[in-house]
Each structure stands twice: as C-alpha cells, then as structure tokens.
> 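Input: one structure, supplied below.
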There are 2 protein chains.
Amino acid sequence: MTARLVDVAQLAGVSRATASRVIAGTPRNVAPELVERVERAARELGYRTNQSARALRTGTTGTFGVVVPSLANPYFVQLIEALSRRVRADGGVLVVSDAANTPDIEAREIDTLVNGKVDGLIVVPVTTAESGAAIKAAAAIRPIVQFDRWSEGAGTVAVTMDNHAAISMLIDHLRGLGREKIALVAAEQSSSSGAERSAAFRDRLGEAGRAIVLPSITTDAGRKAGRRLIRMRADVDAVVCAADVLAIGLVTTLNRAGVAVPDDVAVTAFDDTAILEVLDPPLTSIRHPLDAMADRAIALLHGDAAAREERVERFAPELVVRASSGAGRER
Amino acid sequence: MTARLVDVAQLAGVSRATASRVIAGTPRNVAPELVERVERAARELGYRTNQSARALRTGTTGTFGVVVPSLANPYFVQLIEALSRRVRADGGVLVVSDAANTPDIEAREIDTLVNGKVDGLIVVPVTTAESGAAIKAAAAIRPIVQFDRWSEGAGTVAVTMDNHAAISMLIDHLRGLGREKIALVAAEQSSSSGAERSAAFRDRLGEAGRAIVLPSITTDAGRKAGRRLIRMRADVDAVVCAADVLAIGLVTTLNRAGVAVPDDVAVTAFDDTAILEVLDPPLTSIRHPLDAMADRAIALLHGDAAAREERVERFAPELVVRASSGAGRER
DNA sequence: ACCTCCTGGGAGATCGATTTCCCATACCCT
DNA sequence: AGGGTATGGGAAATCGATCTCCCAGGAGGT
C-alpha cells in the first residue's frame, strides 16, 4: 500500500498531529528540527496526502470547476482559458465539464462536481428555462456563479456582458459608417444572451430593424441566412449577427454569391473567436472582457455569501473593428 | 447542516448499515418494507451522499478524467467528446483539464485529478520527453492510459492512431491521382504523433520527398509554409500537412497568391476537424477512429492491470476524400 | 420436539487526515 | 527559589459512509 500519514509520523518519531501540522502547512509552531525530520520521512516514503480523507475532514478540495454547454464552441473555450488562468494564478486547479448542450447531462455534471470534487462552481447554463433547478440544488451545497448566460430561478449571482450596450455599440458603429438599413441575424433563443441581444435590437430600432430568425446557432443556419439576405438585399446594407458561427456561414455564402462584404453589406459578429480574424474579410465583432469577468466570478466564489443572491452583474463590452464593417471607407 | 446517513437511518428506524445498503444500492437482502422506509426518509430529509466520505471508504469515485494539451485545438475537443460519450453510456461522468501546452501545468493537473477525483485518467501528453515523469507517478495511484500521443518512460499503455499507415494512405491516394512531387509540411515535433508522421514520410519517399519544417503548429506557420511553397512551386504538385491548422494557413495563402488548389497543388491535412469541411476548397484529411479508440481506452482503464504495461496500440486511420486533393480530376 | 440452515439486520471497526483540547517543559521575572 | 507565561507537541475525537463480522429468529427437515 501507499504510505499514510501515520507511517510518516512513525518514521519521523513524532505524533500524527505533528506530522499533519508540517504536511498541511499549518505549522503554527513546530520546532524546525521536527519539521525537517517529518519532511525527510515524507520524502523517503514517497508520501502523498489522501485527498479524499482531507476533503472529508476539512470540507474543501482546493479546486474549482466550470460547466459549459459545449466545448465545440470556441468562445466557451476562451472563457475556460480565462477562468483557468485566474484559478492557476492562485495556485488552484480548474476542472471542466461539457454538458453536450443537454440540460439533463448538465444537471448530472453539476451534481457530480459540486459533490465533493470542487469548492465552487462556474456554470454557463444551457438554457434559460431548464438549467435553473439543477443550479439551485447545487447552490445549497457549494457557492455557484453563473457565467456569460443566466438561468431563471437559479438563486445565484450571474456575471455576464452587457448585451444591450453591445448591440448599441454595433448599431452606432454601423451608423457612423453611413449604414442605415441594418438587419439582425439571430436564432430562436433559449439562452439569455441571445434573447437579450434580440431584445436590445428591437428596443433600439423598432420596426425599422429587420430580423432574420433561424432555428439554430450553426454555420449552416448562417448560410441559410445568407441566402435569405441576398433576396432582401435592396433593403439591407448592414448585418448584425448574434453569434460568430452565424456570421461565418453568412459571409462565406455572400462571398460565393458575389455580394461584396463590406461594400454591399457590412457584417458584424459576436464573441471575437480566433476564426473571425482569419476569415476573408476579417470580421468586426464584440469582445467579452473575459479576464475581468473571470476575476469577478472567482472572487464571488471565494466570497460565498455574495454568490447566494439572485442578481446579474453586467460588464462593458469591447468593439473590435475589422474590415467586414467597412471602416475606412465610409459612404 | 445537511442530512447525514445516520439521520436517514434514525428517521427510518433502522441501523446505519441498513440505510447504507439501500442508498448505495448494495441491498443484497433488505426487506422490501425497509427499503421503502429508508427511501422515504432520504427523500424527506433531502439526503445526498457525501462523496468524499464514500471515496475515502471505497477508494473509488465513479468518474474518469482526461487531460489534453489545449482545448483550443478542435481535434482535442473531438477526442474529448468521443471519450465523454463513452463514459456517459456507462452512467459515468468525465472531467476535463487543460494543460495549457505546458508540462509543468500538465503535471499539476494530472496530480490533482489522480488524487481522489477520478478512478482512472486519460492523458494526451504535451511532449514526448517531458510528460512521462508525471504520468508514471500518477500511474502508481490510478490506472492511466495515454491517448493519441505517447510519452517515453511513462510505463503505461498508449492508444493511438497508426501514423505510418496514415501517411502511406495519403501518399498512395495522391499518387493514384497522378501526383508525384509530394512535399511534407510539418513542425519541429515534440509530440510523438508529429514525429511519427515525419518519420513515416521519410521512410516512404526518402530523398525524393521534400520537407518544409516549421517552428510551431499554428495557422501562421501554415501561411509561412505557403509562401515557401510558392517559391518551390515547380518542384511540388502535392502537399501533405501534418496538422490541420498548418493546412488552413497554407491553403488560404495559396488561394490569395493565385495558386490553384487542387489544380496546381493538391493539399491534404490531418485530424478532420470541422473547419476543414467549410474551407474553400474543402480539405481531404485523415480521420482518427476516435470512437473505437475511446472504447478501447476506457476498457483499458477498467482492466487496470492491462493499462500498466508500456506498449503502444495503433488503430487504423480513415481517409476522408474531399476536393482539395483533386479526386475526380486525375491528370 | 429438536436441530440445522438460511436470511435479514445491527454493532462496531475502518478508511486517512485534521483539529481540538490539554499537558509538559523551559524560560523569565521578582 | 517560586510562581507565572509562552510554546511545543501528544491523545483522542471527528468528518460520513461502508463493510465485516456475528447474532436472532424463522423455515424446513427428521
């Protein structure tokens, strides 16, 4: 068997208590010589703390977790990387779980993580309506923070971007470049961020703003939107896509059909994932202040109490201007 | 506080042992009436098993883990999804960790997971040389299987694709289409898969095969390769890219320079990630038999002993033919 | 009527580390 | 020299669930 703390204590000729003080780093006061002896014994035996035992006793694990709807979405990967950097900076570890875009699976993953694997959990809910229950149940056990999206009745704080402000920035940007006939390309939204973007667009433009609504958020749906757009081309000189994959499908379709981007139609996207930059033309998009959001989310998890309040914190978006919106060639 | 097992037992009027038999589902023989009583008591108290305690006692957690070099690589995400499907089919949960392409971070993640969070671990090693030590140490605690790549001296089994066969398939495919002047685009490889692909290419073509070697595996490096290729264009009519991102950078550069793909130069890639399909032209590539590999890896983890043998298992690759290799227009 | 066998279920040990007391020793001061 | 105060370190309780005995009682056989 592997060595236990008793073995280390025995070899060092001290009690389990003293050995624990040295190993766990709570050496409020242990004679330097004993510290040395315990450390040597531990090294000699190749001792490794049994984390299950420690977790049982202390109730903490030293790790955080994050559950995202799907790892196939590069934006969620960026988000994980930001959280991961933050957690690592504190000497911790972040474990990730993929909900496969399915609320049932999401519920199971949340349950598993919250139950003895992590001290706190970040959740990007799959849907506004169906993810709340699992989050609420988990929040009774560990602090939970919703991230990017939020779910109703989850009873926890949510750290998101200000989607209204983002839509306004895009509209102002396009208008500043002389575009007036602006359309929105969005999906029937089950996520809070999608719903907020659509609502913001309606609020700002009312009847003047056209909307192309799709059944899903995929490149394919974006291509479909492209085909529809070509038909209503006379009425549109700019498009706001509510997600990056939609924009990708849309732009490639327009390119092939000979509709010039941005000369005929300006295009903007969300999420600022890496592909947008290498597309032709590179896409103007909204970037989430992920580092600031990650800082805040982790701070809330540490605060614990602060996380147990149903409330949405919104961070200011950034606009990343690239060729697809036609800056530099106003008309 | 939350309810403990002893509370459930008390409310149901049975001993802890009986309650445990019912809850843990080891009811070798408990009277149906008692089962009912315990279950009702548990429901009433909202009882949830303390997984740390269970893990301490039983030494198992019911979850598996996977550590990948980087989630930003879509191929690794596909790989995770295959593993995840497999684990979920058995009613388990898969937790993921991102090593940020850094052996030190990788070592910490492996250590954390193996220590009380998972029953077994899949690792895609960051490097051939530097990842072995951490894997070996972890393998002393839990069964570990290397996946896709392997690291020297790790002392565990590795489940990978047969890279030699893959390179052969590509070369045969290109030759069958009349291409004779084939070049390899690869990076200075620190990963086993990269090294194997380069070696296989040399084995097959010897001096006849040109090689463009780059410092890193990025889209940017691919663009650089494109520029070099344009200079040596007379000597090359087909390119085998050892990674998908290299192919992406290469093709976009060739496109812009007016070099026709596949008419002037045929291009093939690896990993068959989703982007390859939407590129213009869509890219021929090698697809990993991920589902079969995932099945095998999880089976090895269950087998335990089978995983503790240093050995490489290679799975047969599949060739996915698309427009970029010029099939249908042999010359 | 008595013995054996089987089954259900309880008492208590156990997993391994942490942490709360509490005692012993040494030091300091008057 | 005697009493008071730090300070180091040990014994034992504790976290919560599981699992190994082992016993009681009922069924079945002769």
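Predicted model, so just to flag it, every value in this text is computed and none were measured. Chain letters run A, B, ... following the sequence lines, proteins first, then strands; residues in each count from 1.
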> Rounded to whole Å, please give me the gap between CZ in B:Arg48 and P in D:dC15.
20 Å
> Is the base of C:dG10 touched by the side chain of B:Arg21 through a donor-acceptor pair closer than 3.5 angstrom?
yes
> Under 4.0 Å, heavy atoms only, any strand: does A:Ser20 hit a base, just the sugar-phosphate, or nothing?
base
> Quick test of your reading of the model: are A:Arg4 and A:Asp7 salt-bridged, counting only N-O distances below 4.0 Å?
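So A:Arg4 pairs with A:Asp7 through a salt bridge.
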> Can you check the A:Arg4 CZ to C:dT14 C1' distance for me, whole Å?
11 Å
> Using heavy atoms to find the nearest nucleotide of DNA chain C for B:Ala19 and B:Ala53 separately, return the residue whose nucleotide is more 5′.
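Comparing both residues, the 5'-ward one is B:Ala19.
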> Could you tell me whether A:Leu34 contacts a base, only the sugar-phosphate backbone, or nothing, with contacts defined as non-hydrogen atoms closer than 4.0 Å?
sugar-phosphate
> Could you tell me whether the side chain of A:Ser151 and the main chain of A:Thr128 form a donor-acceptor pair under 3.5 Å?
yes
> Between atom CG in B:Leu5 and atom C1' in D:dA17, what is the gap in whole Å?
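Spelled out: CG on B:Leu5 to C1' on D:dA17 is 6 Å.
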> Could you state the atom-to-atom distance from CD of A:Gln51 to P of D:dG16 in whole Å?
18 Å
> Is there a side-chain polar atom (N or O) of B:Arg57 under 4.0 Å from OP1 or OP2 of C:dT14?
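B:Arg57 to C:dT14 OP1/OP2: no side-chain N or O under 4.0 Å.
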> Can you spot which of A:Arg88, A:Arg86, A:Glu81 makes a side chain to side chain donor-acceptor pair (under 3.5 Å) with A:Ser84?
A:Arg88
> Quick one: label A:Ala31 by what it contacts on the DNA or RNA (base, sugar-phosphate, nothing), any heavy atom closer than 4.0 Å.
sugar-phosphate
> Measure from CG on A:Asn115 to P on D:dG16 and round the result to the nearest Å.
13 Å
> In whole Å, what is the span from the CZ atom of A:Arg54 to the P atom of D:dG16?
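Those two atoms, CZ and P, are 18 Å apart.
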> Taking only side-chain N and O atoms of B:Thr18, does any of them lie within less than 4.0 angstrom of OP1 or OP2 on C:dG10?
yes
> What's the CG-C1' distance between B:Asp7 and D:dG16, to the nearest Å?
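Rounded to whole Å, this separation is 10 Å.
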> Under 4.0 Å between a side-chain N/O of A:Tyr47 and OP1 or OP2 of C:dA17, yes or no?
yes
> Rounded to the Å, how far apart are A:Asn50 CG and D:dC15 P?
18 Å
> Once you measure the plane-to-plane angle for A:Tyr75 and A:His288, does it fall in the parallel (<30°), tilted (30-60°) or perpendicular (>60°) bin?
tilted
> For B:Leu56 and B:Ala17, find the nucleotide of DNA chain D closest to each by heavy atoms; which residue's nucleotide sits nearer the 5' end?
B:Leu56
> If you only use heavy atoms from C-beta on, which nucleotide in D:dA11, C:dT18, C:dG9 is closest to the side chain of B:Val30?
C:dG9
> Give a yes or no answer on whether the side chain of B:Arg308 reaches the backbone of B:Ala139 with a donor-acceptor pair at less than 3.5 Å.
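Looks like yes, one N/O pair under 3.5 Å.
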